[in-house]
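The analysis underlying the following values was restricted to heavy atoms, covering all of them including side chains, and did not include hydrogens, waters or symmetry mates.
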Amino acid sequence: MADKKIGEYYAPPVKMGKWEGFKKFLWNSETSQCLGRTGSSWAKILLFYIIFYAALTGFFAAIFTVFYQTLDNEKPKWMLDNGLIGSNPGLGFRPMPPEANVESTLVWYESSKKDNYKYWVDETSRFLKYHTYEDLEKQNQVNCSFEQPPKEDKVCGIEVSSFAPCTAENNFGYNVARPCIFLKLNKIYNWIPEIYNDSKTLPDHMPEELKQHIKEKQSLRPNETNVVWVSCEGENPADVENIKARDYYPRMGFPRYYFPFKNIQGYIPPIVAVQFTVETGVLINIECKAWARNINHDRSDRRGSVHFELMVD
């Protein structure tokens, strides 16, 4: 506020209280100012911000339009070795421990207490329901076999009954010391496994049990050797002794006819159920591996293998 001139001197403005000063800031009737600005000043600054944000919105809209033109809804732009995921799939297991132990890989329960093992049964049932799309229409899914792979626009379905005795009716073995662990291979677009289907070219570090299995399949049913094989073993000598038996359902690996993944609607990645018969009251470290010529195993990067622990009380 300008000081009032009296003769050759200027007088200071009249002192006002806080409330009076605030009211005058909201509306000054002498200068027709609201919040320290006149109507024309407010109009100019409002017009400036309208134009500024309109231009900013238009710029980002143009950028995103150009960006989305480079994407394909059906497949990723960068695939296999050119992408961040790479061409070496990882292996996962279910059921997972509760979210409160997000970094834990321990499956621990008391087989004599239903309330104790109920979580693992429910979690496995939830996984199978989601994984096999039981509550959705099974679009494009057909029954596949080694003799009848899916056509170009079709995908293979999964029957939950094929995992028997690893079923909900049997509590997935959690009511006894025979828990069922489900394994799945991570999806990589257009990845094609290079199968070990010749017993003469198997790697030396492959478990003997799996080598014998492949040899038997090759001699009896050679058409059923087109499989990404799976093996599960105790990590240490003590762990090996505490695993009494392990059975694979419906087979010891993932059939070749489930690959490659091409994002066809209704696609279901294959899963394998492994039922372990274990010593009770002992913590057992287990490592499962997927086997193909183009799968490398790396524990630190979790490539081609998965680790978890089992303890049944």
Parallel, tilted or perpendicular: which describes the rings of Y49 and F52, with under 30° parallel and over 60° perpendicular?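 Ring orientation, 0 to 90° scale: perpendicular.
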
What orientation do H297 and H205 show, parallel under 30°, tilted 30 to 60°, or perpendicular over 60°?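 Plane angle over 60°, so perpendicular.
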
Have [X] and [Y] got a donor and an acceptor in their side chains that come within less than 3.5 Å?
X    : Y    : answer
T201 : R293 : yes
W120 : N171 : no
Q218 : S199 : yes
N242 : D239 : no

Salt-bridged, [X] to [Y], with N to O below 4.0 Å?
X    : Y    : value
K113 : D313 : no
R126 : D122 : no
E287 : R299 : yes
E209 : R246 : yes
E123 : R94  : no

Which heavy atom in N88 sits nearest to a heavy atom in N296, and how many Å separate them? OD1-N, 2.6 Å

Spell out, as yes or no, whether a donor-acceptor pair under 3.5 Å connects the side chain of [X] to the backbone of [Y].
X    : Y    : answer
K215 : L210 : no
N170 : P165 : yes
Y174 : K114 : no
W229 : A292 : no
N294 : E194 : yes

Go through the steps to decide whether M206 and Y196 satisfy the test side-chain contact (heavy atoms from CB on, under 4.5 Å), and finish with yes or no. CA-CA 11 Å; M206 179 180 283; Y196 284 118; 3.9 Å; yes

For the pair V306 and L183, evaluate side-chain contact (heavy atoms from CB on, under 4.5 Å) and give the outcome as yes or no after the intermediate values. CA-CA 9 Å; V306 66; L183 303 176; 4.3 Å; yes

F276 vs R178, test: side-chain contact (heavy atoms from CB on, under 4.5 Å). Steps then yes/no. CA-CA 5 Å; F276 295 90; R178 300 194 66 201; over 6 Å; no

Any chance CD of Q148 has more than 12 other-residue heavy atoms, nucleotides or ligands included, within less than 6.0 Å? no

Count the heavy atoms of every other residue, nucleotide or ligand shown that sit under 6.0 Å from CG of N223, and state whether that count exceeds 12. yes

